[in-house]
2 protein chains.
Amino acid sequence: MSTQIRILLADDEHLIRTALAQMLDLEDDLSVVAEAVDGEHAVTAAVKHAVDVAVLDLQMPKLDGIAVAEQLTEQLPGCRCVIITSHGRPGHLKRALAAGVRGFLPKTTSAVILASVVRTVHDGGRHVDPELAAEAIAAGDSPLTPREADVLELAATGAPIDDIADRAALSPGTVRNYLSNAMTKLNAANRHEAVAIARRLGWI
Amino acid sequence: MSTQIRILLADDEHLIRTALAQMLDLEDDLSVVAEAVDGEHAVTAAVKHAVDVAVLDLQMPKLDGIAVAEQLTEQLPGCRCVIITSHGRPGHLKRALAAGVRGFLPKTTSAVILASVVRTVHDGGRHVDPELAAEAIAAGDSPLTPREADVLELAATGAPIDDIADRAALSPGTVRNYLSNAMTKLNAANRHEAVAIARRLGWI
DNA sequence: CGCCGATGATGACGTTTGTCATCGAGAACT
DNA sequence: AGTTCTCGATGACAAACGTCATCATCGGCG
């Protein structure tokens, strides 16, 4: 018997996960041996089944796909990770690559690609969606300092400055300064536009 | 031979669409006879193939799932529509029902359900996800007047009032009044929080 | 060591918002 | 015919916000 590639599939959307699992299982050399509905289960299931490749949705409850990839490089070094996502943001790609992810695909890619990417990364290769790669290079690195990104993230709910200051344990004035800096760097007219821009580029 | 239920499947995410198509095709009494990557193609393909049931993703380019359903009730009255979506917002469910949609499911529902719902709506029945239905009833109707919703939508980018006023062809003062009304109705501290709330409930 | 950048804070200043009262035109309902 | 509601607008006022100058501490780096 030929050895099959053992796959973990993690996605919180049952419909997509089971459909994808069936599709991958149709390939002779691929076998989905574990499924998970959130990031925590993904890590434990991957370790338990000692999978070869983990196919991870980016947005999942508890731990997102990138966090899972980070955990797995520690806890299951032989495992290669592929991220699939609905929203291809440049920043996400960068963070994924930094976390040791070997494959990165938007869900709009065709079905045959996924199986081929699973094989590629299993053989030690890498594959990122070409269009996304171009965007990531064009977008450049995040100009935001860590704290600026933190504060901007807290501003994302639309809460007033005082609320943000409380949650960040900062003085309101400091919060305004950080937001002002972020707005300048992002060419935004106000913090809410800054949030929108940072989100679009995957910087928060 | 038993007559199969003829299905159109519309979703812009290739990966999901082809996986779902394979899965539905595995059922003896179901046959996916058409696929579409956006709303416009969905309408023409459904009409061309005279499908029995249209399975539509809610968020698609050009026309969203609800708009497609509206077109189809006109152009292909015999066709029953099922909407599937990643983000189950109460307002979307209401609009879908008003558009004549017979089935409404989040993508987190299990795979067996979808096939069963397709059969149910084909037989003239209805099926909405129970949890979503409860949310929709609890959330009530949108308290926003049409113009308030319009202005709130324009405010969603985070642009300053003057920009919104320009795009809405309104005086800046009027825009502020509408936004103020919307904020009061939604219990928001500012327009950006109002946008977040209205989005979450599917009112814009 | 000296310099720089990130962090954190303060105060002042002008601008943008949010609130409210008020007005008028048109549509719809009683 | 009168009331009510939406739509649209104006002006005034207070609060929130964005900008800037300035200061202090700390860590890293040449």
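Convention: sequence-line order gives letters A, B, ...; per-chain numbering from 1.
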### Query
Taking CE from B/M183 and C1' from C/dT16, how many angstroms apart are they, rounded to a whole number?
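Between C1' of C/dT16 and CE of B/M183: 13 Å.
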
### Query
Residues from residues 187-194 of chain B sitting under 4.0 Å of DNA chain C, heavy atoms only?
B/N190, B/R191

### Residues touching DNA chain C, which here means a heavy atom under 4.0 Å, drawn from residues 163-182 of chain B
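Under 4.0 Å from DNA chain C: B/R176, B/N177, B/S180.
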
### Query
Considering the options A/V43, A/V55, A/L56, which one meets the side chain to side chain contact (heavy atoms under 4.5 Å, CB included) requirement together with A/L8?
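It is A/L56; the other options fail the test.
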
### Query
For the side chain to side chain contact (heavy atoms under 4.5 Å, CB included) test, which of B/L72, B/T73, B/V121 pairs with B/C79?
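Testing each of B/L72, B/T73, B/V121 against B/C79, the sole residue satisfying side chain to side chain contact (heavy atoms under 4.5 Å, CB included) is B/L72.
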
### Task
Check the pair A/R17, A/D57 against salt bridge (Lys or Arg N to Asp or Glu O under 4.0 Å), reporting the backbone distance first and the verdict last.
CA-CA 9 Å; A/R17 197 181 64 251; A/D57 189 9; over 6 Å; no

#### Entry: Heavy-atom pair with the smallest gap, counting every atom of B/V68 and B/M60
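Answer, listing the atom of B/V68 first, then B/M60: CG2-CE, 4.3 Å.
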
### A/T120 to A/R126 - nearest heavy-atom pair and separation
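Smallest heavy-atom distance, with atoms named: CG2-O, 4.0 Å.
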
Is the [atom1] atom of [X] crowded by more than 12 outside heavy atoms at less than 6.0 Å?
X	atom1	result
B/R167	CZ	yes
A/H41	NE2	no
A/E131	CD	no

### Message
Let me spell it out: for each of A/I161 and B/T145, pick the nucleotide of DNA chain D with the closest heavy atom. Which residue's pick is nearer the 5' end?
### Response
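So the residue in question is B/T145.
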
### Task
Would you check if the side chain of A/K62 reaches a backbone N or O of A/E40 as a donor-acceptor pair within less than 3.5 Å?
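Side chain of A/K62 to backbone of A/E40: no pair is present.
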
#### Entry: Flag, side chain of B/D52 to backbone of B/R6, donor-acceptor distance under 3.5 Å
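Pair found, side chain donor or acceptor close to backbone of B/R6.
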
#### Entry: First and last nucleotide of DNA chain D, 5' to 3', lying under 4.0 Å from heavy atoms of chain A
D/dC17 to D/dC20

